[in-house]
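Side chains are part of it too, since the values below use all heavy atoms of this structure and drop only hydrogens, waters and symmetry mates. Residue indices begin at 1 and follow the sequence shown.
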Amino acid sequence: MNRRTIINVLIGTLFASLGGCLFGRGGLLGPDRKCSPRVVFQVRGVANSAAVGRRKSRPIENLDRLGRRLVRSATEDGTATYSSVGKPPVRDGTIVRTNDSLHRVVVEWADDTSGVTGYKYDVKTNPSIREAATPGETIDLSELPPNDRTTLLASLPNPDQKLERLDFDVVIAYADRDAREASVFVPEPEYEYIRYGETVLRFRSAGTKTVTVTTYRIRLETVADSVTEYGDQVLASEGRRVDPSELSPDAREFVRAMLEEGSVERCYPLPDHVEEVMDAFDLGTGPQHVEYDGNWYEFEAFSPD
């Protein structure tokens with residue numbers, strides 16, 4: 001679906017139902033009243049390469065706990081492996097910042113093992129569960145065998161706050177024999193309660209199922225030595241360059257109004273020169289960086305109706 005089709009979907013239906021713009025310049029209720037449906041055009045100032053680079057990347061600290069551990073392991077050892085019945089906790093293509101460098105996370109399929117027995121658990125927490133937990137039946141997450149800890153971290157929320165109530169399912173399965181033998185959940189649970197930060201979780205067996213365990217290899221590719229350098233790359237690859245001479249006089253005047261006012265509105269159906277700017281700037285499908293008259297800006301067009 002192209003940009004013009006999307007805009008028509010967003011506001012064409014409303015226009016048809018309302019019988020056109022009633023409030024725009026020349027409309028029934030005069031030039032100073034807002035029309036509906038309409039398109040809002042916004043400009044978010046001159047685009048700064050460093051700000052773009054920061055916005056398009058993530059510090060490692062912003063990844064979830066397991067994602068941070070895997071990325072740091074890949075940083076130190078070159079690669080990290082992750083085996084699970086689910087997807088890896090960090091997405092392929094994620095741009096992360098480590099100190100002053102920026103890296104692309106590459107997640108590669110390494111192996112599949114089918115026909116593995118998965119042990120299902122109902123996991124809950126609430127005030128009654130926290131009161132019922134006894135020391136002999138409780139173990140801290142940090143004391144679990146590494147594979148159990150990794151498996152649970154992929155399912156658990158942030159541990160920095162005490163969760164009053166939580167209810168979810170988890171499947172624990174290992175294709176590796178050593179991991180199965182070391183596990184406190186396979187084939188029988190050795191503990192009923194796991195302490196996780198300020199939260200106590202109760203694990204109850206819920207049967208078994210046959211699953212496929214997938215192993216992924218995670219590595220990093222350096223993409224830039226600074227957020228400014230990466231921002232320049234983003235602008236060069238994703239942005240658009242529009243020379244004012246490529247636009248009609250009316251279209252140039254409309255861009256001038258956007259740049260001076262920061263936000264302007266136009267009634268639907270849009271005039272030809274506004275459509276011209278939308279096509280040239282590729283607006284209507286989300287924010288777009290555009291180099292215009294020597295400067296980079298972030299433009300956006302949307303229908304608020």
Engineer: So if you build clusters from Ile, Leu, Val, Met, Phe, Trp, Tyr with side-chain heavy-atom gaps below 4.5 Å, do Val106 and Leu102 land together?
Structural biologist: no
Engineer: Check for a donor-acceptor pair, side chain of Arg195 on one end and backbone N or O of Val200 on the other, with a separation under 3.5 Å.
Structural biologist: no
Engineer: Does atom CZ (Arg217) have a neighbourhood of more than 12 heavy atoms from anything else shown, all under 6.0 Å?
Structural biologist: no
Engineer: With sequence neighbours excluded, tell me which residues meet side-chain hydrogen bond (donor to acceptor under 3.5 Å, both in side chains) with Thr75.
Structural biologist: none
Engineer: Identify whether Val52 and Val242 are in the same connected component of the hydrophobic contact network (ILVMFWY, side-chain heavy atoms under 4.5 Å).
Structural biologist: no
Engineer: Looking at side-chain heavy atoms only, is the closest gap between Asp122 and Phe203 below 4.5 Å?
Structural biologist: no
Engineer: With ring-ring contact (aromatic ring centres under 6.0 Å, His included) as the criterion, how do Phe299 and Tyr292 come out once you've worked through the C-alpha distance, each side chain's angles and the decisive distance to 0.1 Å?
Structural biologist: CA-CA 11 Å; Phe299 292 88; Tyr292 184 81; 7.4 Å; no
Engineer: Taking all non-hydrogen atoms of both residues, which atom of Pro145 and which atom of Ala182 are closest, and how far apart?
Structural biologist: CG-O, 3.1 Å
Engineer: If I compare all heavy atoms of Asp92 with all of Val107, which pair ends up nearest, and what's the gap?
Structural biologist: OD1-N, 2.9 Å
Engineer: Atom CG in Asp243, atom CG in Asp293: separation rounded to 0.5 Å?
Structural biologist: 8.0 Å
Engineer: Examine Val171 and Val116 and state if one hydrophobic cluster contains both, with Ile, Leu, Val, Met, Phe, Trp and Tyr joined whenever side-chain heavy atoms are less than 4.5 Å apart.
Structural biologist: yes
Engineer: Quick one: does Arg68's side chain have a donor or acceptor within less than 3.5 Å of a partner on Leu63's backbone?
Structural biologist: yes
Engineer: I need the full list of ring pair (Phe, Tyr, Trp, His ring centres under 6.0 Å) pairs touching residues 105-157, with sequence neighbours left out, sorted by first then second residue.
Structural biologist: Tyr121-Phe185
Engineer: Restricting to salt bridge (Lys or Arg N to Asp or Glu O under 4.0 Å), what partner residues turn up for Glu190, sequence neighbours left out?
Structural biologist: none
Engineer: Under 4.5 Å between side-chain heavy atoms, hopping through other hydrophobics if needed: is there a path connecting Val186 to Tyr82?
Structural biologist: yes
Engineer: Could you go through Ser49 and Leu235, starting from their C-alpha distance and side-chain angles, then the distance that decides it, and tell me whether this counts as side chain to side chain contact (heavy atoms under 4.5 Å, CB included)?
Structural biologist: CA-CA 8 Å; Ser49 294; Leu235 292 174; 3.8 Å; yes
Engineer: For the OG1 atom of Thr285 and the CE atom of Met278, what is their distance to the nearest 0.5 Å?
Structural biologist: 9.0 Å
Engineer: Return the CD to CE distance between Glu253 and Met258, rounded to the nearest 0.5 Å.
Structural biologist: 11.0 Å
Engineer: Using a 3.5 Å distance criterion without hydrogens, assess whether the side chain of Arg252 forms a donor-acceptor pair with backbone atoms of Leu247.
Structural biologist: yes
Engineer: Taking only residues at least two apart or on different chains, which pairs with a member in residues 52-62 satisfy salt bridge (Lys or Arg N to Asp or Glu O under 4.0 Å)?
Structural biologist: Arg55-Glu298, Lys56-Glu238, Glu61-Arg72
Engineer: For Arg240, does the CZ atom have more than 12 heavy-atom neighbours from other residues, nucleotides or ligands under 6.0 Å away?
Structural biologist: yes
Engineer: Using side-chain hydrogen bond (donor to acceptor under 3.5 Å, both in side chains) as the criterion, list what pairs up with Arg97, not counting sequence neighbours.
Structural biologist: Ser57
Engineer: Distance check, rounded to the nearest 0.5 Å: Ser263 atom OG versus Gln42 atom CD?
Structural biologist: 4.5 Å
Engineer: Determine whether Val184 and Pro189 make a side-chain contact, defined as any pair of heavy atoms from C-beta on separated by less than 4.5 Å.
Structural biologist: no
Engineer: Would you check if Phe41 and Glu300 make a side-chain contact, meaning some heavy-atom pair closer than 4.5 Å?
Structural biologist: no
Engineer: Any donor-acceptor pair under 3.5 Å linking the side chain of Asp64 with the backbone of Leu66?
Structural biologist: yes
Engineer: Distance-only, no hydrogens or angles: does the Ser205 side chain make a donor-acceptor pair with backbone N or O of Gly207 under 3.5 Å?
Structural biologist: no
Engineer: Determine the minimum heavy-atom distance between His289 and Ala47, stating which atoms define it.
Structural biologist: CD2-CB, 3.9 Å
Engineer: Verify side chain to side chain contact (heavy atoms under 4.5 Å, CB included) between Tyr174 and Asp148, making sure each step is shown before the conclusion.
Structural biologist: CA-CA 9 Å; Tyr174 302 118; Asp148 285 346; 2.6 Å; yes
Engineer: Got a second to check how far Ser248's OG is from Asp272's CG, nearest 0.5 Å?
Structural biologist: 9.0 Å
Engineer: Got a sec, which residues hit salt bridge (Lys or Arg N to Asp or Glu O under 4.0 Å) with Arg241, two or more places apart in sequence or on another chain?
Structural biologist: Glu291
Engineer: Taking all heavy atoms of Ala251 and all of Glu276, pick out the closest pair and write down the distance.
Structural biologist: CB-OE1, 3.5 Å
Engineer: Among residues at least two apart in sequence or on other chains, which ones pass salt bridge (Lys or Arg N to Asp or Glu O under 4.0 Å) with Glu76?
Structural biologist: none
Engineer: With side chains defined as the heavy atoms from C-beta onward, is the minimum distance between Leu201 and Leu156 less than 4.5 Å?
Structural biologist: yes
Engineer: Name every donor-acceptor pair, under 3.5 Å, that has one atom in a side chain of residues 218-231 and the other anywhere in the protein, sequence neighbours excluded.
Structural biologist:
from   : atom 1 : to     : atom 2 : distance (Å)
Arg219 : NE     : Glu108 : OE1    : 3.4
Arg219 : NE     : Glu108 : OE2    : 3.1
Arg219 : NH1    : Glu221 : OE2    : 3.2
Arg219 : NH2    : Glu108 : OE2    : 3.0
Thr222 : OG1    : His103 : ND1    : 3.1
Ser226 : OG     : Glu229 : N      : 3.1
Glu229 : OE1    : Asp225 : N      : 3.0

Engineer: Arg204: what forms a salt bridge (Lys or Arg N to Asp or Glu O under 4.0 Å) with it, not counting sequence neighbours?
Structural biologist: Glu192
Engineer: Can you name the residues that form a side-chain hydrogen bond (donor to acceptor under 3.5 Å, both in side chains) with Thr94, not counting sequence neighbours?
Structural biologist: none
Engineer: Are the side chain of Ser73 and the backbone N or O of Arg69 linked by a donor-acceptor pair below 3.5 Å?
Structural biologist: no
Engineer: Where do Ala173 and Val211 come nearest, in terms of heavy atoms and distance?
Structural biologist: CB-CG2, 3.7 Å
Engineer: Ignoring hydrogens and angles, write down the donor-acceptor pairs under 3.5 Å from the side chains of residues 131-138, residues two or more places apart or on other chains.
Structural biologist:
from   : atom 1 : to     : atom 2 : distance (Å)
Thr134 : OG1    : Glu137 : OE1    : 2.6
Thr138 : OG1    : Thr134 : O      : 2.7

Engineer: Among residues at least two apart in sequence or on other chains, which ones pass side-chain hydrogen bond (donor to acceptor under 3.5 Å, both in side chains) with Thr125?
Structural biologist: Arg130
Engineer: Between Ile172 and Val123, is there shared hydrophobic-cluster membership here, with clusters defined by ILVMFWY side-chain heavy atoms closer than 4.5 Å?
Structural biologist: yes
Engineer: Rounded to the nearest 0.5 Å, how far apart are CZ of Phe168 and OG of Ser155?
Structural biologist: 5.5 Å
Engineer: Can a side-chain donor-acceptor contact be found between Asp112 and Thr212 if the only test is distance below 3.5 angstrom?
Structural biologist: no
Engineer: List the steps and the verdict of side chain to side chain contact (heavy atoms under 4.5 Å, CB included) for Thr214 and Val85.
Structural biologist: CA-CA 6 Å; Thr214 301; Val85 296; over 6 Å; no
Engineer: So, for Pro89 and Leu70, which heavy atoms are closest and what is the spacing to 0.1 Å?
Structural biologist: CG-CD1, 3.6 Å
Engineer: Could you walk me through whether Leu153 and Leu141 pass the side chain to side chain contact (heavy atoms under 4.5 Å, CB included) test, one step at a time?
Structural biologist: CA-CA 9 Å; Leu153 281 175; Leu141 183 81; 3.7 Å; yes
